[in-house]
Amino acid sequence: MTYLPKEFLRGLPAVFMASALISTPVFAQDTPVSGGTLVVANDTEPRNLNPAIVASNGVFYISSKIVEPLAEMDYDTGLRPLLAESWEASDDGLSFTLNLREGVTWSDGAPFTSADVAFSAMQVWKEKQNIGRQIFRNLDAVETPDDTTAILRFSEPTPGQLIENALPAVTAVLPAHLLEGENLDETSYNAAPVGTGPFVFAEHKPGELYRLTRNENYWQNGQPYLDQIVYRVLPDPGAKAAALETGDIHVTAFSAVPLTDMARLDAIEGVSVIPGGYEGITYNITLDFNHRREELGNPLVRQAIAHAIDQDFLVDVVFLGYATPATGPVPPTAEDFYTDDTAKYPFDTARAEELLDEAGYPRGADGTRFSLRLRPAPWFQQTRDTGDYVRQALAAVGIEVEIVTADPGGHIAAVYTDHDYDLAIGSPVWRNDPAISTTILYQGGLDAGVPFANQWGYDSPEMNDIIAQGISTLDTAARTEVYKDFQRLAQEDLPIVFLTHFTFITVARDEVRNVANNPRWATSGWADTWIAADQ
Amino acid sequence: MKWMRCHGGLIGGLVLLVIALIALCAHLIAPGDPLNMVARPLTPPFTDPRFPLGTDHLGRNILAGLVHGARVSMTVGAAAAAAAISVGILVGTLAGFSGRIIDDALMRITEAFQTVPTFLLALALVSVLGASAANVVIAIGISSWPPTARLVRAEVLRLKGADYVDAARLAGRAPLAIAFLEVLPGALQPVVALIGITVGEAILVESALAFLGLSDPNLISWGGMVANGRALLRTAPYLVVLPGIAIAVAVLAVTLSGDGLARRLGILGRR
């Protein structure tokens, strides 16, 4: 087994580029060629493929090729313009001007205009989208002085930095001419979206595949290079690994093959293991507490539990090195926001036992202090394995843990609606700005049923205040400082424990080029992806 | 083959005894929680004397998993078979001894259960009841009683007209007492032949449920070990092979000894 050195993972963009160069045979042509069908493996079969409504990676993986956002993340420039050529926030934070690209058409031939952006922002992102509802809460109106200008008007000052950071994930633009007046929850568009992107939706054979074909009218000349993308529905990790080997599929993303198979796959001629291309969609593994449980409402107990867990062990054994230990809710790859200056809870079982004694929960006659029920999120091998480890780690300090399993729907209902858990293992996503999907894990006063959010029973006025400051501080430097305070308070109160930041892995065949070349690669448009003819 | 017919029961019984001993002494052979991660992940078998059969993808001791898994498989298998046979005996006796209406009703119910494959029914029940050892026992019990019920009913029907039953009736004993105290003991012998098959099947169903992730996550089981190792079939085949052998050996031992017992009792012909 090969453990990747951690520095390797930290310096991902640069190192990845280097490794891509090394793995490219010298004799292969480096000028993109057009044509070919890219076959990729797909775990799930989302029924709603509308990325403007369901902002989730499972949906983006497919629909980001069809429906484009205003901008995409980029390793060199931060953001690469797509449907918007440039943008500017006003000094008072009350407006955000978008200059849109000219000459773009929808795949049905209709022109793309600022009216589409206005429709999407007001009626979809703000009203319907899981993430957009927070960010565009104060969006009042979208003015469209001409076809290529859209001005977002806010009722409260909204930081330009936040809108900018949100562009890739939350601003998929929908065609107003097809959807205006439709019931957005029911429309057939959601199963077969139409967009401005490099590919066009062709078909979905349930249980078998999704097929996308080349958009002949794509605005970027000569792109896309591929004729087709086929998403084969292959939920079994072992089957994916075998299909990669035989060449039946070209790409698996989101660490879909077993981590323990990575070394074996990497050694196979023609197959490469590529860590990188996920910095803008980093998954985290968290240990969530139910503060309604008397023991867990006590900060000393939460700190003790954090001390009882060996993050390095988790990284080495459960993640085989494909992760970094977390020091707080922001991953170190987010260089602007990240701070190392937070309260730490290093692995120390003696300290953990001391804290538990101090909190008033001594070991009983059988050596047990108290018992807890743990619900690991069922969707990743790593969330389930982390649950197994936490059970073992807490047993060592006298806390008995019983693992309770459920299917994904049952798990979400139990944790986020019914609060029927003591401990849970979660996998929240970092999306480029703390306000997009991170602070909601600490925000007090949310309704029961809001998933992947603070349903822990934690409600701190100080924390709520910092979160409010974060979405209203206009000055970028000052706003960044607010989020450093946020990380400090999060680690001090410790309502949940961030255990590791998960680095997803792409495994691809070498003939596929331009893999993992942006920080959201798996959920980006793939207009520049191409297949080299001979290897 | 003749040799096997004569000694199969003995061999099966001995192997079963060994497995039972291992299950009983699991905590002595491999102390501690078998779910604990104790060593470098994916240590191959026969390389580290402390972990003779190697470790799985999380560094859990495979030997510990196998011996503690024996405990789970054997207990769940035996308990589930006991439940199934008890229900079968109860239903079979009532149906065989009662009049036509009750007999018809019970037999139609039995047939209804038989139309659904045992495993599918157990699967559905565990999904609804939740994954815990007790629920797995209940689910297997509920889904595998019909063969016993039919067998017992046939025997009861055969014995119902016997002279000693008539005598008991004339002596004024209550019908239920006659059914369970006079007729049933005579009808039980053939059920012995079913014990081996029922226990063997219960172990298989338990393993299959665990393979699908529908077993108690806080207990280690052979089926669960196969499921965990499945994704690594190419990298570490021993993760699947070792518990697979354990399941096969246990089921074979149970079936052979059940067979042997039936032969000894003269239920199956010696030929």
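In what follows, every chain begins at residue 1, and chains take the letters A, B, ... in the order their sequences are listed. Atom set for the values below is all heavy atoms of this structure, side chains included, hydrogens, waters and symmetry mates excluded.
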Any side-chain heavy atom of [X] sitting closer than 4.5 Å to one from [Y]?
X: B:D33; Y: A:R391; answer: yes
X: B:R230; Y: A:D236; answer: yes
X: B:H57; Y: A:D385; answer: yes
X: A:D388; Y: B:L35; answer: no

Look up atom [atom1] in [X] and atom [atom2] in [Y], then write down how far apart they are to the nearest 0.5 Å.
X: B:L58; Y: A:Q381; atom1: CG; atom2: CD; value: 7.0 Å
X: B:L42; Y: A:L320; atom1: CG; atom2: CG; value: 7.5 Å
X: B:M37; Y: A:L314; atom1: CE; atom2: CG; value: 8.0 Å

Can you tell which part of A:Y389 gets under 4.5 Å to a heavy atom of chain B, answering side chain, backbone, both or neither?
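The answer is both parts of A:Y389.
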
Select one option (side chain, backbone, both, neither) describing which atoms of A:V401 are under 4.5 Å from chain B's heavy atoms.
backbone

Would you check if the side chain of B:N218 reaches a backbone N or O of A:I403 as a donor-acceptor pair within less than 3.5 Å?
yes

Does atom CZ (A:R264) have a neighbourhood of more than 12 heavy atoms from anything else shown, all under 6.0 Å?
yes

Can you confirm whether more than 12 heavy atoms, excluding those of A:R292, are under 6.0 Å from its CZ atom?
yes

